[in-house]
Amino acid sequence: MSGIGTGYDLSATTYSPDGKVFQTDYAQKAVDNSSTALGIKCKDGIVLAVEKLVVSKLLVERSSRRIHNVDRHAGICVAGLLPDGRMVVNRAAEEASNYKSFYGEPIPGRVLCERLASYMHLFNLYWSMRPYGTAGLLATYDEDGPALYLVEPSGVAHKYHGTAVGKARQAVKNELEKMKLGQLTCREAVVEAAKILHKVHEEDGKPFEIEMSWICDDSGRVHQRVPAEVLAEAEAAAKAAMEESDMED
Amino acid sequence: MASSRLVAGSAVADAEFSRDISLGTTIIAVQFAGGVVLGADSRTSSGSYVANRTQDKITPLLDHVYLCRSGSASDTQAIAGYVQYYLAQLQAERGGPVRVETAAMMAMQMAYGNKNALQAGLIVAGFDADGGSVYAIPLGGTLLRVPFAIGGSGSAYITGWCDKNWRGDMSRDEALDFVRNALRHAMARDSSSGGCVRTVVIDAAGASREFIPGPKLQPTYDELPAPA
């Protein structure tokens, strides 16, 4: 990013000479520097997982939430600037609620994703606004089955079998590509997600928590937090697997 | 409604002939095993004047969902227009077929949201992945899922007949006969229903319209058959 000092990054309505909108790039950078979040599409649903750095010992455990409910059949995990993320989640909840009250049926995942993407894109269009420094992993389960989307600050949105955002996204994506995502169940994916997050976090040694949610047949197609005991089991399995691989080294 | 305005200098200066144009009507829709049948008479009146004797009161909302209109002709046309518009938008956004329930919900939103300004009794019926379904939206804007619905001024004359003759296991042809006979009887008794019988059958194959001209209708008790 060579925009610094050139003046081309002062507003989202100015292109740099090579055709970039630097404000949009900066917003994406805020997401890229976030702690890692991932989503996995399984045969029976979606798992969202995020690593949260524990910045102070005085913080109450599992307090600052990164995964939010949007509707019964939809949830979002946010990465990047968390206050921005909350705005996006609130908007998603509003869209879902409006759609339900107007059409009498839950909002389809694809429509929710499109509307969120349009909403985020809006902030790339005016000099008086800045793009949201946040990306959302959107998990939905509608009549077409489960779906995972990623909505980015630019307004770009894609549908994924599995993806990751944040610092260790590349490492996580490498792990995801090795897995047979189409055959995995959500219960298995919870363990895999814990393993991956522990693995990519291995080097820096900072304390962290894992927050995880799912929306699957087991959860009655309702987006909810992965039950504490299931998550604890998964983390234990992840740690055991790490120690095992340490022994091999 | 039905204010008796005098139309100065008009050919119809008599108050009785210049009332609001209304679908003093008989409409009906029935669900059968593989779809739905909708039916309506074709009379549109303005007071005692028949403004149109071949009106189409069965309006398409989507390829697979139709609407029977009763009450004010203008109000229900406007509602149908809005619902068509919103449903087209929704169908484009979703990229797939819209369910009958959703279409009925939209019609209800219009009818209920503007209930103080409208005179509209609607029946929405159609065919989707769950089969055929009928929704009644009477005057206040309630939305009711029903196996069959009748509406309009003429329906008062056939409630008993319909309750007696309706069956839950009718075939397509039986349902069509039920609709035609119900309309025939209502049109005979109700002065603001009459003309022809229009029907729409919607099933997995799509929607198909049929039209029976008034003279071809089987006469009811006390009626004279049409001259050959």
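Treat the numbers as computed from the prediction; the structure is a model and nothing was measured. Every chain is numbered from 1, with letters handed out A, B, ... down the list of sequences.
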Has [X] got more than 12 heavy atoms of other residues, nucleotides or ligands less than 6.0 Å from its [atom1]?
X: A:Arg72; atom1: CZ; value: no
X: B:Asp177; atom1: CG; value: yes
X: B:Arg167; atom1: CZ; value: yes
X: B:Arg145; atom1: CZ; value: yes
X: B:Tyr86; atom1: OH; value: no

Can you tell me how far apart [atom1] ([X]) and [atom2] ([Y]) are? Round to the nearest 0.5 Å.
X: B:Met106; Y: A:Phe102; atom1: CE; atom2: CZ; result: 4.0 Å
X: A:Glu143; Y: B:Arg99; atom1: CD; atom2: CZ; result: 6.0 Å
X: B:Met105; Y: A:Lys100; atom1: CE; atom2: NZ; result: 8.5 Å

**Prompt:** Hey, is the main chain of B:Glu93 close enough, under 3.5 Å, to the side chain of A:Arg110 for a donor-acceptor pair?
**Reply:**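 Yes; at least one donor-acceptor contact below 3.5 Å.
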
**Request:** Would you confirm whether B:Gln109, through its side chain, and A:Ser101, through its main-chain N or O, come within 3.5 Å as a donor-acceptor pair?
**Result:**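 Checked: pair present.
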
**Message:** I need the minimum non-hydrogen distance between A:Tyr103 and B:Thr102, along with the two atoms involved.
**Reply:**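 It is O-CG2, 3.5 Å.
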
